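Working notes for the structure below.
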Number of protein chains: 2
Amino acid sequence: MAEKGIPDIVVGRLPIYLRALQRMRAENRHITSSQELGERLGISAAQIRKDLSQFGEFGKQGTGYSIDFLAEQIRQILKVDRVWDIAVVGAGDIGSAVARYQGFANRGMRVAMIFDNDPGKIGQKVGSFTVQDIEQIESAVRAAGIQVAMIATPGAQAQAVADLLISAGVKAILNYAPISLSVPENVHVQYIDPVIHLQRMTYYL
Amino acid sequence: MAEKGIPDIVVGRLPIYLRALQRMRAENRHITSSQELGERLGISAAQIRKDLSQFGEFGKQGTGYSIDFLAEQIRQILKVDRVWDIAVVGAGDIGSAVARYQGFANRGMRVAMIFDNDPGKIGQKVGSFTVQDIEQIESAVRAAGIQVAMIATPGAQAQAVADLLISAGVKAILNYAPISLSVPENVHVQYIDPVIHLQRMTYYL
DNA sequence: TAGATTGTTAATCGATTAACAATC
DNA sequence: TAGATTGTTAATCGATTAACAATC
């Protein structure tokens, strides 16, 4: 699947770089350097230059990088120079918070629909969305051509939901349920579990 | 700070192993092997054995690992054989969802208090908690001896909140705000930003 | 015993860093 | 020009894997 031989770990840092660049832009800055970016992010300047060099030459010797230009290049690389519609599954606390989340704006993502299996939730409003019956998920996702989804169901249902989404054409899943999903190799999964992050820190306390 | 020379990346996998073991236990299993665990998690058996060997000898040749015993050992290593009280800052959608989250149970974490700066939220209930005035955060966190916190404020306030928490004695922060925090080296930070995870996947679409 | 699986060593693989010529 | 910073190469560092003796 990897279009070229770019290491996953490098791709994983690009969104971090992009977020920092957008923040600098919001501070009305126009130029930065690998050194400055590195200091902000706790990453070495050499690594930032090496990472970027995998995709092209975006800077100028002696000057650094145009923030606008570099951000736009990274957006193109990550394919977030467009807007991806997202299907959210699960209208509980997490799904609802995600559906109302303001942080997707200008970052290439937009929640497009939200599903649940609870008759008490179906038809209710969550933010600007009406909760849809999970029975309709496959046809609705397929019809909208959605490729990106977020699972915010209890763990017990997450695998079944993932299977449905995949058969509807979804290729990227962000999973909030606390289980490892098993998916075909052309489907990408990322995990968010706050407890995992917390447990990783208590070791050092 | 590192008590021994255990690589961060190894510590980071322990919570994943623990979660899988707890799941197996819930399925009423009693014994597992590095191979089975690896297949569930998409990690090589050799890596799991190598990781665990950093901390001790927890298995039996020919048999594998007792799920209960190994889970308990990992809990002790991660210091989640106790319950950590957590302060949540920000009673918006994310903070509220976290405060009501059921997934902390039996995993060594418990939300203990939630703060906001909005007079319209202070005094209101969020789950079983009453939102407290952020003015009281330093004294309340210090008095409770809290060392773990989650920041769920807008990005603009996150650094100031982090500074307050740190001066109150917090040593581990899970940050939902979309900015990199700058903290002393004895304070640990982890980040959750759904957009970062999503952008990391769109590259491959 | 025979079969299975650990813990560990050595080999391989990959990622990070340091250094510097090129050049803006 | 002098100073600064890139892109890239080579060296270093660290992580993963393969293999196997030990042993349950």
Side-chain angles (χ1 to χ4, degrees), chain A residues 1-18 20-21 24 29-74 77 200 203, chain B residues 1-18 20-21 24 29-74 77 200 203:
Chain A
M1 276 291 106
E3 213 174 286
K4 290 169 75 183
I6 311 286
D8 271 8
I9 197 164
V10 173
V11 175
R13 280 191 292 260
L14 294 184
I16 311 274
Y17 299 162
L18 178 56
L21 290 166
M24 286 179 182
R29 305 279 314 288
H30 289 90
I31 301 283
T32 188
S33 66
S34 58
Q35 192 184 0
E36 185 191 38
L37 207 43
E39 277 168 14
R40 286 216 184 194
L41 298 175
I43 292 177
S44 79
Q47 177 157 90
I48 291 173
R49 294 201 301 279
K50 188 104 209 290
D51 285 352
L52 295 176
S53 76
Q54 303 261 14
F55 303 96
E57 307 188 358
F58 306 128
K60 278 208 203 354
Q61 285 104 321
T63 308
Y65 301 90
S66 154
I67 290 171
D68 278 338
F69 178 75
L70 181 56
E72 187 53 32
Q73 294 300 309
I74 295 178
I77 294 165
R200 187 176 184 155
Y203 171 80
Chain B
M1 276 292 105
E3 215 173 284
K4 289 169 76 183
I6 312 287
D8 272 9
I9 197 165
V10 173
V11 174
R13 280 190 292 261
L14 294 185
I16 311 275
Y17 300 162
L18 178 56
L21 290 166
M24 286 179 181
R29 306 277 315 289
H30 289 89
I31 301 284
T32 188
S33 64
S34 57
Q35 192 184 1
E36 185 191 37
L37 207 42
E39 277 166 15
R40 285 215 185 196
L41 298 174
I43 291 177
S44 80
Q47 178 156 89
I48 290 172
R49 294 200 303 278
K50 188 107 210 290
D51 285 352
L52 295 176
S53 76
Q54 302 262 14
F55 303 96
E57 306 190 358
F58 306 127
K60 280 211 202 350
Q61 285 104 322
T63 309
Y65 300 91
S66 154
I67 290 171
D68 278 337
F69 177 75
L70 181 56
E72 188 53 31
Q73 294 300 310
I74 295 178
I77 294 165
R200 188 177 183 154
Y203 171 80

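Because the structure is predicted, anything quoted here is derived from the model rather than measured.
Annotation: B/Gln47, atom CD; neighbour count of heavy atoms from other residues, nucleotides and ligands within 6.0 Å is above 12. Environment of CD in B/Glu72: crowded, with over 12 heavy atoms of neighbouring residues, nucleotides or ligands closer than 6.0 Å.
Sequence order on DNA chain D of the closest nucleotides to A/Ser53 and B/Ala46 puts A/Ser53 first from the 5' end. With the nearest nucleotide of DNA chain C identified for both A/Thr63 and A/Val10, A/Val10 has the one nearer the 5' end.
The phosphate of D/dT16 (OP1 or OP2) has a side-chain N or O of B/Gln47 nearer than 4.0 angstrom. Within the 4.0 Å cut-off from OP1 or OP2 of C/dT17, at least one side-chain nitrogen or oxygen of A/Ser44 is found.
Checking C/dT16, D/dT5, D/dT16 against the side-chain heavy atoms of A/Gln35 singles out D/dT5 as nearest. Side-chain proximity of A/Tyr65 to D/dT16, D/dG7, D/dC24: nearest is D/dG7. For A/Lys50, taking side-chain heavy atoms from C-beta onward, the closest of the listed nucleotides C/dT17, C/dT6, C/dT23 is C/dT17. Closest to the side chain of A/Ser33, out of D/dT8, D/dT6, D/dT23, is D/dT6. The nucleotide whose nearest atom lies closest to any side-chain atom of B/Pro7 is, among D/dT17, D/dA15, C/dA15, D/dA15. Comparing atom distances between the B/Arg49 side chain and each of C/dG7, D/dG7, D/dT16 picks out C/dG7 as nearest.
Separating the CZ atom of B/Phe55 from the P atom of C/dT8 is a distance of 13 Å, rounded to the nearest angstrom. The separation between A/Gln54 atom CD and D/dT6 atom C1' is 16 Å, rounded to whole Å. Atoms CD1 (A/Ile48) and C1' (C/dT17) sit 13 Å apart, rounded to a whole Å. If you measure from atom CG of A/Asp8 to atom P of C/dT16, you get 12 Å, rounded to the nearest angstrom. Atoms CD1 (B/Ile31) and C1' (C/dA4) sit 13 Å apart, rounded to a whole Å. Atom CD in B/Gln61 sits roughly 18 Å away from atom P in C/dG3 (whole-Å rounding). Summarising the geometry, the separation between CD1 on B/Ile9 and C1' on D/dT17 is reported as 14 Å, rounded to the nearest angstrom. B/Ile43 places its CD1 atom 10 Å from the P atom of D/dT17, with the value rounded to the nearest Å.
The closest side-chain heavy-atom distance from B/Ile74 to B/Phe58 is not below 4.5 Å.
Across all strands shown, D/dC13 forms a Watson-Crick or G-U wobble pair with C/dG14, both key distances being under 3.5 Å. In this structure C/dA22 sits in a base pair with D/dT5, meeting the Watson-Crick or G-U test at under 3.5 Å.
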Exercise. Mind running side chain to side chain contact (heavy atoms under 4.5 Å, CB included) on A/Tyr17 and A/Asp51 for me, showing each step along the way?
Key: CA-CA 10 Å; A/Tyr17 299 162; A/Asp51 285 352; 2.6 Å; yes
Self-check item: Evaluation steps, side chain to side chain contact (heavy atoms under 4.5 Å, CB included), between B/Met24 and B/Leu37
Solution: CA-CA 9 Å; B/Met24 286 179 181; B/Leu37 207 42; 3.7 Å; yes
